[in-house]
Structure formats: C-alpha cells, structure tokens
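Inspection log for the structure reproduced underneath, given as structure tokens.
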Amino acid sequence: MAHSALSQVPVTVCFSYSSDTSLPRTVFKGNNVSFNEKKSCVSRLSSDFKTANSRSKGKSQPVIRMSVQQASKAKAAISPLSLEDAKEPPLHLYKNKEPYTATIISVERIVGPTAPGETCHVVIDHGGNVPYWEGQSYGIIPPGENPKKPGSPHNVRLYSIASTRYGDFFDGKTASLCVRRAVYYDPETGKQDASKKGVCSNFLCDSKPGDKVQITGPSGKIMLLPEENPKGTHIMIATGTGVAPYRGYLRRMFTENIPTFKFNGLAWLFLGVANKDSLLYDEEFSKYLRNYPDNFRFDRALSREQRNRNGGKMYVQDRIEEYSDEIFELLDSGAHIYFCGLKGMMPGIQDTLKRVSETRGEKWDEKLTQLKKNKQWHVEVY
C-alpha cells in the first residue's frame, strides 16, 4: 500500500501492526510520511526492522522503517474514487439547527516560536458524511451558550478547508482547518484579556483528540478550483491562514493521484506573513518547488524581515508588483487569480493592481469587470 501511494518520494514510511484492524492513517509533514498510530517515524535513511513500544497499549509492536529515494513525482492513492463522480459541489448538507457531530483527530501548532500568535492545523473526522470540494468552507459551532442570546448556541464561524476532498489521510473521511487563535490585548495594559478571546478559534486550538465538534456546510462556490483545463494557470494570493484553500488545491495538483485530473499547468502562490516562523505549510510547498519546478512557483512576503523596493515593509502586494507585468500577461491569457485572507489585504492589492494597470495604459475598472465576467477573479476575505 505504501509503495503504491508514495513509491518515489524521499521519505520514511512506517508500518505499525497492532490489534487495531482499522486502516493505517497517512499524514504529510514536510518530506516525512507516517502511517499514524500514535507513533512517529523520524529516520529517513534506515532500511531495517525494529521493535517499538506502543504508548497506548504498552505492547511491543514490529515496525518496518524504510527510506525510498528519488521519488519526485509519485502520488498518493486516494479513495473512494466516487468522490469524483458528482457534477456539482455539495452544499449545505448540514444546517445551523441540525449540525453534524464530528470528532477531532489532532491539533498541531504549525508556527515557530517567534511567530506573532498561534496557528494550528486541526484535523476533523467526519466519517465521510460531510463531503466537500477544494475551496469550500465548513461552519463550526463552538460549545456553550451565546452570551448575546441566552439559551441559544453560539453563532457559526466559517473556516476555509485546508485539505482536499480526500483529507490528509486520503480516505475521504477527514477535513483539515487552518486556525489562528484569536486573542485580545488591552491597549492600555498590554495584557491579554481572556474575556474577549475568540470563542471558536480557542475552542479548536485547545481541542484534544476525541473531542466532539459541531460542523455545518459545506458552503461556498467562489473559490472552487476550475479543472476543465489541466494546463491552466492559477495565481493564488494569501495572507496568513488565507492559504488554507490553496493547500487543498496544491495537494490535489501535486500530491494525489487523481484519475480524472492530471494537472500540467502553472500554480503560482504568493503568501504574506510576518516572519519565517509564521510561514504555514512551508515544507509542503517547498517540496512542490523541488519536485515540480515547471508547474509551481512560490513567493513569500515577510513583512517584519524583508523590505520592498522602496525600503518599506514587504507585503504581499509588493511581491505582486514585482511580477506585475508577468501576472497581467497571464491574466490576459486566461489565468485564474484568487485572493484569500483578512479583508484588510484587498485595498492595498487593489491599489497596486490599479496602479500597474494604469502604467500599462489600461483602465483597471474595465479590466476587473472583464475578469469577473470571465470568472477568472475569485475573492474570499474575512
């Protein structure tokens, strides 16, 4: 199974045998792949048989660790393939008044120690009962009572899904969210005020495996990945957790073996964050750069560590301006462009695009209208 899924990637694969008869789970982290049973494999160069102790059951289990070299373009087997059959995306399968009860599988902090704030990768088991397409969102209803409506549940919070329809384990039973913990600091004291923290983000980031979570949806069509042209160009612009839907796109393009979608176009990602420690899924994206240099480009904007051409902080719109001529040419050739992140990102980006358009002798308002008419313009901000 592992060989067929990842026969050529320079990774460590770990098989764990136990009395648990469930199928092994697969998790990507950088160049490592583990078939997860509360155990991780860290050796990349071994090709031997070892015995590992199960923390969960206290029993000795045989473990095979092997390294497979030079598998730059192998892709993971996915199931069920019936998820490819639908002609239209699933929408609103579960409503606010009747949400689906899913289970937290894992919560992992994915930023470094110097990142401002905390961002977590949250994997949720929906049992295959809440299918979705790449670019859609789930609604999350945190537990507890709405303080503004006594006796009523909290309002739904929408989160862009950060995995493909097959999930991180390629079995169609999970969805992943990229969640920034929302906290509030009193401007006068500089201290955190726990009474004003984000209810839903803190619930998710504090969750433990096995915890239950109420989900609604899926929802959204504007950020769906157009697949009619496998040689198409997709320009993806994000700030922070806005990278979530793009992780789903890129895994579908470069990680999964999709019989009906063989991507051979260009995916170009622009990601703006504060510093290196704030980069999200950087190991995954860097792997695509190495393995698919003709099909993937990745430009980072680190506002606290880099300077733009004018000596100011480097924001994502500054990176866009650096490549503006090329971007406009690609748009003229039919490229799709996506924006996802905080709504505050859009004015600066729009101003940049307008300024570049004018230097090219074009009217930005007319160009934007045409991009929207051609369904090349995709925006999801919050």
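Please read these numbers as outputs of a predicted model, since none were measured by experiment.
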Only one of Phe254, Phe270, Phe285, Trp268 forms a ring-ring contact (aromatic ring centres under 6.0 Å, His included) with Phe298, so which one is it?
-> Phe285
Counting only N and O atoms by type, is there a donor-acceptor contact under 3.5 Å from the side chain of [X] to the main-chain atoms of [Y]?
{"X": "Ser207", "Y": "Phe203", "result": "yes"}
{"X": "Arg319", "Y": "Arg300", "result": "yes"}
{"X": "Asn129", "Y": "Tyr100", "result": "no"}
{"X": "Lys375", "Y": "Lys373", "result": "no"}
{"X": "Asn202", "Y": "Ala182", "result": "yes"}
{"X": "Asn310", "Y": "Gly312", "result": "no"}
{"X": "Glu84", "Y": "Leu81", "result": "no"}
{"X": "Glu256", "Y": "Ala76", "result": "no"}
{"X": "Arg180", "Y": "Cys178", "result": "no"}
{"X": "Thr369", "Y": "Asp365", "result": "yes"}

Contact between [X] and [Y] at the side-chain level, heavy atoms closer than 4.5 Å - yes or no?
{"X": "His154", "Y": "Pro147", "value": "yes"}
{"X": "Ile337", "Y": "Gln376", "value": "no"}
{"X": "Val122", "Y": "Val107", "value": "yes"}
{"X": "Arg251", "Y": "Asp168", "value": "yes"}
{"X": "Leu280", "Y": "Val111", "value": "yes"}
{"X": "Ser201", "Y": "Arg157", "value": "no"}
{"X": "Phe170", "Y": "Ser79", "value": "no"}
{"X": "Asn295", "Y": "Met253", "value": "no"}

Indicate the atoms forming the closest heavy-atom contact of [X] with [Y], along with that distance.
{"X": "Pro99", "Y": "Tyr94", "result": "C-CD2, 4.0 Å"}
{"X": "Pro131", "Y": "Leu83", "result": "CB-CD2, 4.3 Å"}
{"X": "Cys205", "Y": "Arg181", "result": "CB-NH2, 3.4 Å"}
{"X": "Pro153", "Y": "Asn146", "result": "O-CB, 3.3 Å"}
{"X": "Ile124", "Y": "Ile104", "result": "CG1-CD1, 4.0 Å"}
{"X": "Val356", "Y": "Phe328", "result": "CG1-CE1, 3.6 Å"}

Can you list the steps and then say if Ser357 with Lys363 is a side chain to side chain contact (heavy atoms under 4.5 Å, CB included)?
-> CA-CA 6 Å; Ser357 183; Lys363 294 182 178 180; 5.9 Å; no
Hydrophobic clusters here meaning ILVMFWY residues chained together by side-chain heavy-atom distances under 4.5 Å, can you tell me if [X] and [Y] are in one?
{"X": "Met346", "Y": "Ile327", "value": "yes"}
{"X": "Leu158", "Y": "Leu224", "value": "no"}
{"X": "Leu330", "Y": "Met236", "value": "no"}
{"X": "Val213", "Y": "Ile161", "value": "yes"}
{"X": "Tyr315", "Y": "Tyr246", "value": "no"}

Can you list the steps and then say if Leu91 with Lys221 is a side chain to side chain contact (heavy atoms under 4.5 Å, CB included)?
-> CA-CA 9 Å; Leu91 288 169; Lys221 297 178 72 173; 3.8 Å; yes
For [X], I'd like to know if atom [atom1] has over 12 heavy atoms of other residues, nucleotides or ligands within 6.0 Å.
{"X": "Arg304", "atom1": "CZ", "answer": "no"}
{"X": "Lys262", "atom1": "NZ", "answer": "yes"}
{"X": "Lys367", "atom1": "NZ", "answer": "yes"}

Between [Y] and [X], is the closest basic N to carboxylate O distance under 4.0 Å?
{"X": "Arg309", "Y": "Glu321", "result": "no"}
{"X": "Glu358", "Y": "Arg355", "result": "no"}
{"X": "Lys197", "Y": "Glu118", "result": "no"}
{"X": "Asp325", "Y": "Arg360", "result": "yes"}
{"X": "Asp318", "Y": "Lys313", "result": "no"}

Taking the six-membered ring of Tyr323 as reference, does the NZ or CZ atom of Arg297 fall below 6.0 Å from its centre and within a 45° cone about the axis?
->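 Yes, Arg297 lies over the aromatic ring of Tyr323.
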Within 45° cone of Tyr281 ring axis and under 6.0 Å: Arg247 NZ or CZ = yes
For the [atom1] atom of [X] and the [atom2] atom of [Y], what is their distance to the nearest 0.5 Å?
{"X": "Asp211", "Y": "Ile105", "atom1": "CG", "atom2": "CD1", "value": "12.5 Å"}
{"X": "Ser152", "Y": "Glu145", "atom1": "OG", "atom2": "CD", "value": "7.5 Å"}
{"X": "Leu177", "Y": "Ser160", "atom1": "CG", "atom2": "OG", "value": "9.0 Å"}
{"X": "Ile349", "Y": "Ile320", "atom1": "CD1", "atom2": "CD1", "value": "4.5 Å"}
{"X": "Ile141", "Y": "Ile215", "atom1": "CD1", "atom2": "CD1", "value": "10.0 Å"}

Given Lys287 and Glu284, is the salt bridge (Lys or Arg N to Asp or Glu O under 4.0 Å) satisfied, shown in steps?
-> CA-CA 5 Å; Lys287 181 182 67 175; Glu284 286 188 32; over 6 Å; no
How far apart are the C-alpha atoms of Trp133 and Leu225, what are their side-chain angles, what is the distance that settles it, and do they pass the side chain to side chain contact (heavy atoms under 4.5 Å, CB included) test?
-> CA-CA 8 Å; Trp133 283 9; Leu225 178 66; over 6 Å; no
Distance only, no hydrogens: is a donor on one side chain within 3.5 Å (strictly under) of an acceptor on the other, for Thr255 and Tyr288?
->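 Yes.
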Trace of the side-chain hydrogen bond (donor to acceptor under 3.5 Å, both in side chains) decision for Tyr249 with Glu227 | CA-CA 10 Å; Tyr249 297 172; Glu227 296 186 359; over 6 Å; no
For residues 357-382, pull every pair meeting ring pair (Phe, Tyr, Trp, His ring centres under 6.0 Å), keeping only residues two or more places apart or in separate chains.
->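 Every ring pair (Phe, Tyr, Trp, His ring centres under 6.0 Å) pair that includes a residue of residues 357-382, provided the two are not neighbours, is His336-His378, Tyr338-His378, Phe339-Trp377, Trp364-Trp377.
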What do the steps show when you test Val273 against Leu302 for side chain to side chain contact (heavy atoms under 4.5 Å, CB included), and what is the final call?
-> CA-CA 5 Å; Val273 294; Leu302 310 179; 3.5 Å; yes
Thr101: which of Gln214, Lys212, His126 passes side chain to side chain donor-acceptor pair (under 3.5 Å) |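 So, applying the side chain to side chain donor-acceptor pair (under 3.5 Å) to Thr101 and each of Gln214, Lys212, His126, only Gln214 qualifies.
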Plane angle bin for Tyr138 and Tyr132 - parallel if under 30°, tilted between 30 and 60°, otherwise perpendicular = perpendicular
